[in-house]
Amino acid sequence: MALRSAAAVAPRSLRRLITGTSSRTLPIISQAIWDWEKLESSTNAFVSGRLFSSTSISSFIPPPLPPSAQQREKPEPSTNLFVSGLSKRTTTEKLNEAFAKFGEVVHARVVTDRVTGYSKGFGFVKYATLEDAAKGIEGMDGKFLDGWVIFAEYARPRPPPEHHSAPPHSQRPY
DNA sequence: GTTGAGCGTT
C-alpha cells in the first residue's frame, strides 16, 4: 500500500506514525503535517525576513528531548539487534535468513507469546561482530519483510539475570 | 489469528 511505501522512505521519527496509522486516521495525520509545515514556513519567514509577529513562535517549538528520550533515539551499539514491525507470520527462520545477507548471524529469534505461541511482532538478531550488526541495520532497517516495513536497531542490554541464591542480609540461625 | 507499541521462553 502507498502508506507503507511512504514509511520506507520517511524520516525515522515519522515511520512509526505512518505504519501505525490506519486509513481512518490518515486525514488527521495529514492535517497535522500540513499545519506543522505551515508553522515552519512562517517561522522561516520570521527569522530570515525579519518580520514581526504578535504570536510567540517559541511556544510552538518542541522543548529539547530529555536524556531518556535521546537514549531511545540513539541506543548503544551492540552485536544484538532489536527488530520490530514484523509480520505476525514471520518466523525465526525467515528473520535469520533475511539478516544473514548482511553478516554472520549467530542467533535470531522471533518473540512469541508463551501461551498462544503466536509471534508478538518483534524479535532479536545477534551478529558475530559489531561491524556485521551495523551492516544489518543499514541493510534491513526500513525495509520490507513479509509485506511489512520492519525496524532494526541496537537492542537494549538485557536486565541482569536474577540470582535467587543468597540474600544480602541473610540471617542464619546459630 | 490480528495491520499492532514494543526490548525476549533460553
Side-chain angles (χ1 to χ4, degrees), chain A residues 1-34 36 62-166:
Chain A
M1 187 182 282
L3 207 52
R4 296 213 201 118
S5 303
V9 297
R12 180 168 201 89
S13 57
L14 282 178
R15 286 207 215 131
R16 287 185 188 279
L17 186 65
I18 293 172
T19 56
T21 300
S22 70
S23 53
R24 286 236 310 264
T25 53
L26 183 59
I28 300 173
I29 301 297
S30 302
Q31 178 68 40
I33 292 175
W34 187 84
W36 177 252
L65 294 172
S68 58
Q70 292 178 356
Q71 178 92 17
R72 280 203 307 272
E73 292 298 326
K74 212 159 75 152
E76 280 296 306
S78 157
T79 58
N80 205 27
L81 303 188
F82 172 64
V83 185
S84 58
L86 295 175
S87 163
K88 307 254 165 156
R89 290 170 285 277
T90 298
T91 63
T92 289
E93 288 74 26
K94 284 289 295 278
L95 187 68
N96 195 328
E97 193 178 304
F99 278 77
K101 288 187 287 194
F102 303 96
E104 184 188 345
V105 174
V106 300
H107 199 85
R109 172 164 68 247
V110 168
V111 175
T112 56
D113 186 284
R114 197 187 305 189
V115 309
T116 68
Y118 285 100
S119 166
K120 293 170 100 166
F122 64 89
F124 296 88
V125 174
K126 189 174 184 58
Y127 279 103
T129 67
L130 286 172
E131 289 76 17
D132 285 353
K135 286 191 292 184
I137 291 179
E138 281 299 308
M140 289 305 297
D141 185 43
K143 300 298 164 50
F144 284 85
L145 185 59
D146 286 340
W148 283 71
V149 175
I150 69 171
F151 308 98
E153 57 198 300
Y154 294 117
R156 297 207 276 270
R158 211 173 177 178
E162 275 292 333
H163 274 253
H164 224 280
S165 48

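Here is the naming used below: chain letters follow the sequence lines, and residue numbers restart at 1 for every chain.
Phosphate proximity of B:dG1 to A:Arg89: absent, as no side-chain N or O sits under 4.0 Å from OP1 or OP2. In terms of phosphate contacts, A:Arg114 brings no side-chain nitrogen or oxygen within less than 4.0 Å of OP1 or OP2 of B:dT9.
We find that CG of A:Asp113 is positioned 8 Å from P of B:dT9, with the value rounded to whole Å. When the P atom of B:dG1 is taken as reference, atom CG of A:Asp146 falls 19 Å away, rounded to whole Å. Atom CZ of A:Phe124 and atom C1' of B:dC7 are 4 Å apart (whole Å). Here the P atom of nucleotide B:dT10 and the NE2 atom of A:His107 are 11 Å apart, to the nearest Å.
Distance from the side chain of A:Trp148 is smallest for B:dG4 among the nucleotides B:dG4, B:dT9, B:dC7. Here the nucleotide nearest the side chain of A:Glu153, chosen from B:dT10, B:dG1, B:dC7, is B:dC7. Relative to the side chain of A:Arg158, the nucleotides B:dG8, B:dA5, B:dT3 differ in distance, and B:dG8 lies closest.
The base of B:dT9 sits with one of its N or O atoms less than 3.5 Å from a complementary donor or acceptor on the side chain of A:Thr112. No hydrogens or angles were tested; on distance alone, nothing pairs the side chain of A:Lys120 with the base of B:dG8 as donor and acceptor under 3.5 Å.
In this structure, A:Tyr127 contributes its side chain and A:Leu81 its backbone to no donor-acceptor pair below 3.5 Å. Although no hydrogens or angles enter the test, the distance criterion places no donor-acceptor pair under 3.5 Å between the side chain of A:Asn80 and the main chain of A:Ala155.
Aromatic ring centres of A:Phe82 and A:Phe124: separated by under 6.0 Å.
Here the NZ atom belonging to A:Lys143 is positioned 8.0 Å from the CD atom belonging to A:Glu138, to the nearest 0.5 angstrom.
Each of A:Ser119 and A:Arg109 has a nearest nucleotide on DNA chain B; the 5'-most of these lies closest to A:Ser119.
Inspection of the A:Lys126 and A:Thr79 side chains reveals an N or O donor paired with an N or O acceptor under 3.5 Å.
In this structure, the aromatic ring of A:Phe122 is not positioned over the six-membered ring of the base of B:dG8 within 5.5 Å between centres and 30° between planes.
Within the nucleic acid shown, A:Leu86 comes within 4.0 Å of at least one base atom, counting heavy atoms only. Contact annotation for A:Asn80: base contact, defined as any heavy-atom pair under 4.0 Å involving a base atom.
For B:dG6 and B:dT10, the P atoms lie 23 Å apart once the distance is rounded to whole Å.
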